[in-house]
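In each ligand, atom 1 is the first atom listed, and ligand 1 is the first ligand listed.
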Amino acid sequence: MLTRTFTDRTITPPPRRSRARRALVFGTAGLLASAGVTALAGTAAAASTLGAAAAEKGRYFGTAVAANHLGEAAYASTLNTEFNSVTPENEMKWDAVEPSRNSFSYGSADQIVSHAQSRGMKVRGHTLVWHSQLPGWVGGLGASDLRTAMNNHITQVMTHYKGKIHSWDVVNEAFQDGSSGARRSSPFQDKLGNGFIEEAFRTARTADPAAKLCYNDYNTDGVNAKSNAVYNLVKDFKARGVPIDCVGFQSHFNSASPVPGDYRANLQRFADLGVDVQITELDIEGSGTAQANSYTNVVNACLGVSRCTGITVWGVTDKYSWRASGTPLLFDGNYAKKAAYTAVLTALGGSGGGGGGGGDAACTVTYSRTNDWSDRFNGQVTVTAGSAAITGWTTTVTVTSPQKISTNWNGTPSWDSSGNVMTMKPNGNGSLAAGASTSFGFTVMKNGNSSAPAIGSCSAS
Ligand code: G3I
């Protein structure tokens with residue numbers, strides 16, 4: 001599945017002021033951005049909300065919003081206090097806005113847009129052309145009619161919201177999962193062929209020239225066959241002058257699909273094509289420190305890519321999440337801030353309570369694939385102390401089953417019950433002078449899966 005022989009993970013450090021624990025992860029490619037992050041953290045008063053902290057980093061921090069919850073006081077106040085961008089979770093989808101042909105209903109979507117606008121929040125548009133939540137009449141059209149209907153839908157909806165949407169998901173989820181890199185079957189793909197994406201983007205540019213036009217998908221968060229297919233699409237569009245401004249990475253994570261080790265590198269390679277990248281539907285199933293660390297990794301990856309313009313989490317509270325049982329969001333069902341919330345705010349340079357002076361023990365990790373064979377690869381994690389000396393460090397390496405870590409060196413490992421998570425500590429004396437580095441390594445048996453491991457945050461003592 002993974003074709004590259006080298007992957008690199010770069011996550012910028014959360015400028016912690018207080019806790020000695022937990023830390024910073026970043027690599028060479030992120031040094032420039034990281035330097036900026038560090039400088040800012042030392043001088044600015046820390047922001048105390050997600051939106052304000054992200055804004056200080058030149059980014060937005062948004063959430064998916066459902067119109068039918070806006071009347072709930074705690075929902076609205078959490079939204080209004082913490083976020084500065086919203087994405088209608090379902091209200092702008094085709095079945096909501098054009099349930100029957102040429103009959104448009106914008107009520108719920110308008111409610112969200114006006115709520116946002118009156119509070120100075122930005123709005124992401126989601127989504128114009130998608131195989132799902134498509135009313136039945138669309139699938140029944142012949143090719144010529146479908147083309148007309150698609151272009152009409154894009155034009156009508158974008159015109160209605162002209163000037164109010166910062167970025168539109170013009171086409172959503174057009175590629176298959178797995179190793180084929182092929183297009184997903186849909187009425188658009190099946191009847192209009194590969195050219196439907198290009199046509200949609202061209203129509204969108206004409207309808208609202210000021211809106212950023214995004215392609216949005218899931219399981220494209222690391223380097224893999226599906227993200228390679230999207231990459232090739234974007235590269236081709238840029239080469240031929242087809243309008244496209246951004247790529248959305250949905251970033252729905254859980255233990256079966258953790259934050260990939262090459263997440264930042266993947267964002268960066270898209271940015272290098274000349275498009276913005278956005279994290280559009282972030283949620284991470286789990287709880288406690290593990291969930292918090294994964295959120296930290298995602299935020300730091302975005303901060304490490306200068307063209308990563310914002311992050312949207314896929315809901316305000318766990319209780320209304322599309323996968324509520326996985327408690328994947330930043331606020332629990334009672335709107336209490338979770339550890340994941342504090343981790344995100346801290347990574348953004350904000351202060352979620354705790355205060356404290358600088359100079360605490362901290363470390364960063366970078367990952368690289370140092371060897372690659374057909375059946376296995378070697379990974380190396382380099383641990384670097386922050387601006388203060390440290391006496392010990394801990395990080396984790398998580399592989400995706402059926403992968404197995406068969407060997408490791410230069411560290412002292414312990415394992416979770418699944419055998420997929422290796423927690424690594426120093427081999428003997430873990431002291432590192434400020435800025436000094438050490439590395440440990442491991443071999444991953446692919447067992448058919450070549451994806452990069454997820455590397456946890458670095459905790460220093
Ligand atoms: O509103 C009706 C309600 O009246 C009815 O009683 C109930 C019974 O099923 O359904 C309600 O609608 C549901 C709707 O969410 C609102 O809760 C739909 O059945 C349900 O299918 C819909 O799910 C949405 C899903 O997209 C549909 O594919 C989720 O809320 C939404 O979070 C999810 O979002 C997608 C993104 O758009 C694209 N990327 C993946 C992401 C997660 O699946």
Side-chain angles (χ1 to χ4, degrees), residues 62-72 75 79 83 85-99 105-113 123-136 138-139 153-154 157 161 165 167-178 183-189 197 200 213-222 226-227 229-230 246-254 256-257 259 277-286 298 310-331 333:
T63 179
V65 166
N68 61 336
H69 299 315
L70 286 174
E72 185 181 323
Y75 183 95
L79 166 66
F83 299 94
S85 174
V86 300
T87 305
E89 186 171 356
N90 289 297
E91 292 78 353
M92 284 185 181
K93 293 172 179 175
W94 197 315
D95 62 354
V97 295
E98 194 185 5
S105 61
Y106 296 111
S108 298
D110 282 355
Q111 202 189 332
I112 294 174
V113 172
V123 184
R124 284 197 92 256
H126 176 80
T127 175
L128 294 165
V129 182
W130 187 29
H131 65 275
S132 182
Q133 286 172 284
L134 203 53
V138 179
H153 181 79
I154 294 168
V157 178
Y161 290 111
I165 306 282
S167 306
W168 265 109
D169 289 332
V170 178
V171 175
N172 194 42
E173 301 176 5
F175 287 89
Q176 284 181 22
D177 290 320
R183 296 291 188 85
R184 176 199 293 276
S185 172
S186 71
F188 310 105
Q189 181 66 35
I197 301 183
L213 307 182
C214 302
Y215 176 82
N216 189 53
D217 216 326
Y218 67 93
N219 282 354
T220 50
D221 310 298
K226 189 173 178 183
S227 67
V230 176
C246 38
V247 176
F249 297 84
Q250 292 185 11
S251 304
H252 295 293
F253 298 120
N254 57 25
S257 176
V259 182
V277 294
Q278 300 173 358
I279 295 168
T280 52
E281 303 181 14
L282 177 63
D283 52 17
I284 307 176
E285 291 187 310
V298 170
I311 298 173
T312 299
V313 289
W314 205 238
V316 175
T317 159
D318 281 339
K319 70 175 169 176
Y320 297 140
S321 164
W322 69 293
R323 42 186 197 180
S325 63
T327 60
L329 296 171
L330 304 179
F331 294 89

Any protein heavy atom at under 4.0 Å, with atom 37 (O) of ligand 1 as the reference point? yes

Could you check whether atom 29 (C) of ligand 1 has a protein contact, counting only heavy atoms that fall below 4.0 angstrom? yes

Atoms in ligand 1 with a heavy atom of Glu173 nearer than 4.0 Å: 38 (C), 39 (N), 40 (C)

Show me which atoms of ligand 1 lie under 4.0 Å from any heavy atom of Asn172. 38 (C)

Can a donor-acceptor pair be found between the side chains of Asp221 and Ser251 at a distance below 3.5 Å? yes

Is atom 41 (C) of ligand 1 close to the protein, meaning a heavy atom under 4.0 Å from it? yes

Arg323 near ligand 1 by a heavy-atom separation under 4.0 Å: no

State the atoms of ligand 1, each with its element, that fall below the 4.0 Å cut-off from a heavy-atom position in Ser132. 28 (O)

Under the criterion side chain to side chain donor-acceptor pair (under 3.5 Å), which of Tyr215, Tyr218, Trp130 is the partner of Glu173? Trp130

Option nearest atom 27 (C) of ligand 1 (shortest heavy-atom distance, choices Gln133, Gln250, His131, Met92): Gln133

Element-labelled atoms of ligand 1 that are located less than 4.0 Å from some non-hydrogen atom of His252: 40 (C), 41 (C)

Could you name the option among Glu89, Lys93, His126 that has the heavy atom nearest to atom 26 (O) of ligand 1? Lys93

Please check this pair: side chain of Asp283 against backbone of Leu329, looking for a donor-acceptor N/O pair closer than 3.5 Å. no

Using a distance threshold of 4.0 Å (strictly less than), state whether atom 3 (C) of ligand 1 has a protein heavy-atom neighbour. no

Does some non-hydrogen atom of the protein lie less than 4.0 angstrom from atom 13 (C) of ligand 1? no

